[in-house]
Amino acid sequence: QVQLVESGGGLVQAGGSLRLSCAASGRTFSSYAMGWFRQAPGKERERVAAISRSGVTTYYADSVKGRFTLSRDNAKNTVYLQMNSLKPEDTAVYYCAARYDVGLYTQYDYWGQGTQVTVSS
């Protein structure tokens, strides 16, 4: 198993930036494909970005492409979601997720507790 803890959320003005971190503990982090999801009130959970276990391959939702960057540091057991040019519609609880696998996925097995991101207009 792997345990995930997100951090870095907060309140930011539109156009601002935040960097979310997801620290993993447990089994070998480099064996896990990782993803970030978000859920806004009254909306379904949305996959925002994903990264392969090697870090070579990434996926971004159209809504964040060009503004968000997902990276991982396997030596630090951490993934980072750099969020730039934030918009009010980015407001949501952001969740980190892990799957003991290679590539990019929509389904993950392990989840963090979430971190709130609020973008004011």
Side-chain angles (χ1 to χ4, degrees):
Q1 277 195 340
V2 63
Q3 292 78 43
L4 305 172
V5 178
E6 302 98 334
S7 61
L11 174 64
V12 64
Q13 288 188 332
S17 298
L18 283 174
R19 189 177 79 158
L20 305 184
S21 299
C22 174
S25 61
R27 295 182 63 182
T28 306
F29 176 70
S30 59
S31 298
Y32 288 83
M34 303 296 294
W36 280 94
F37 292 72
R38 67 186 181 188
Q39 189 165 21
K43 294 188 176 181
E44 292 188 354
R45 186 171 63 191
E46 173 191 18
R47 184 178 58 155
V48 174
I51 190 165
S52 62
R53 71 181 184 187
S54 68
V56 171
T57 308
T58 54
Y59 158 86
Y60 297 97
D62 287 343
S63 57
V64 307
K65 200 171 292 182
R67 301 188 297 122
F68 290 13
T69 302
L70 180 57
S71 61
R72 66 188 298 161
D73 186 338
N74 286 343
K76 294 184 178 180
N77 286 7
T78 303
V79 290
Y80 304 98
L81 184 66
Q82 178 66 44
M83 305 187 297
N84 298 328
S85 302
L86 283 162
K87 305 175 181 180
E89 50 263 44
D90 294 318
T91 295
V93 178
Y94 283 70
Y95 297 91
C96 174
R99 172 172 168 157
Y100 190 68
D101 217 322
V102 177
L104 308 176
Y105 305 96
T106 58
Q107 301 293 325
Y108 289 79
D109 302 313
Y110 304 98
W111 294 83
Q113 82 288 350
T115 185
Q116 177 70 46
V117 171
T118 303
V119 184
S120 62
S121 57

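Treat the numbers as computed from the prediction; the structure is a model and nothing was measured. Only this structure's heavy atoms are used, side chains among them; waters, hydrogens and symmetry mates stay out.
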Colleague: To the nearest 0.5 Å, what is the distance between OH on Y32 and OG on S52?
Modeller: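 Those atoms lie 16.0 Å apart.
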Colleague: Once rounded to the nearest 0.5 Å, what's the spacing between atom OG of S71 and atom OH of Y80?
Modeller: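 If we round to the nearest 0.5 Å, S71:OG and Y80:OH are 7.5 Å apart.
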Colleague: Hey, could you give me the CE/OG1 distance between M34 and T78, rounded to the nearest 0.5 Å?
Modeller: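 Going from the CE atom of M34 to the OG1 atom of T78 covers 9.0 Å.
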Colleague: First locate atom CD of Q39, then atom CD of E44, and finally report the distance between them rounded to the nearest 0.5 Å.
Modeller: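 Reported to 0.5 Å precision, the distance equals 8.5 Å.
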Colleague: From T58 OG1 over to K65 NZ, what is the distance, rounded to the nearest 0.5 angstrom?
Modeller: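 The distance works out to 9.5 Å.
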Colleague: Working note: Q13 + L86, criterion side chain to side chain contact (heavy atoms under 4.5 Å, CB included); need CA distance, chi angles, decisive distance, verdict.
Modeller: CA-CA 8 Å; Q13 288 188 332; L86 283 162; over 6 Å; no
Colleague: Is the shortest side-chain N to carboxylate O distance from D90 to K87 below 4.0 Å?
Modeller: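 A salt bridge is absent here (no side-chain N lies under 4.0 Å from a carboxylate O).
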Colleague: Considering all heavy atoms of both residues, which atom of G9 and which atom of L20 are nearest to each other, and what is their separation?
Modeller: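 Reported closest heavy-atom pair: N-CD2, 3.5 Å.
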Colleague: Between S63 and E89, does any side-chain donor sit less than 3.5 Å from a side-chain acceptor?
Modeller: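 Their side chains do not contain a donor-acceptor pair, so the 3.5 Å distance test is not met.
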Colleague: I'd like to know whether V79 forms a side chain to side chain contact (heavy atoms under 4.5 Å, CB included) with F29, so could you lay out the CA-CA distance, the side-chain angles of the two residues, the decisive distance to 0.1 Å, and finally the verdict.
Modeller: CA-CA 10 Å; V79 290; F29 176 70; 3.6 Å; yes
Colleague: Taking all heavy atoms of L18 and all of G8, pick out the closest pair and write down the distance.
Modeller: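 The answer is CD2-O, 3.8 Å.
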Colleague: Check whether NZ of the Lys or CZ of the Arg R47 lies under 6.0 Å from the centre of the six-membered ring of Y59 and within 45 degrees of that ring's axis.
Modeller: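 Output yes; distance and angle both within limits.
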Colleague: Write down the atom of E6, the atom of G114, and the distance for their closest heavy-atom approach.
Modeller: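 So the two residues come closest at OE1-N, 2.9 Å.
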Colleague: Might you point out which heavy atoms bring G35 and Y108 nearest each other, and give the distance in Å?
Modeller: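 Answer, listing the atom of G35 first, then Y108: N-CE2, 3.7 Å.
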Colleague: Picking from W36, F37, Y94, what satisfies ring-ring contact (aromatic ring centres under 6.0 Å, His included) with W111?
Modeller: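 Among the candidates, only F37 passes.
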Colleague: So, taking the atom named SG in C22 and the one named CZ in R72, what distance separates them when rounded to the nearest 0.5 Å?
Modeller: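 That separation rounds to 9.5 Å.
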Colleague: Checking A49 now: which residues fulfil side-chain contact (heavy atoms from CB on, under 4.5 Å) with it, not counting sequence neighbours?
Modeller: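 Y60, L70, L81.
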Colleague: Mind listing the closest non-hydrogen atom pair of R38 and A92 along with its distance?
Modeller: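 Distance-wise, the nearest heavy atoms are CB-CB, 3.8 Å.
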Colleague: Within the distance-only criterion (no hydrogens, no angle test), does the side chain of S121 pair as donor or acceptor with the backbone N or O of P88 below 3.5 angstrom?
Modeller: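 No, the answer is negative, given that no donor and acceptor are paired below the 3.5 Å cut-off.
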Colleague: Taking the side chain as everything from C-beta on, heavy atoms only, tell me whether Y95 gets closer than 4.5 Å to L4.
Modeller: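 When only atoms from C-beta onward are counted, L4 and Y95 do not touch, as no gap falls below 4.5 Å.
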Colleague: To check you understand the geometry: which heavy-atom pair defines the closest contact between Q82 and N84, and what is its length?
Modeller: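 For Q82 and N84, the tightest heavy-atom pair comes out as NE2-OD1, 2.9 Å.
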Colleague: Under the side chain to side chain contact (heavy atoms under 4.5 Å, CB included) rule, what do R53 and R99 come out as? Steps first, then yes or no, please.
Modeller: CA-CA 9 Å; R53 71 181 184 187; R99 172 172 168 157; over 6 Å; no
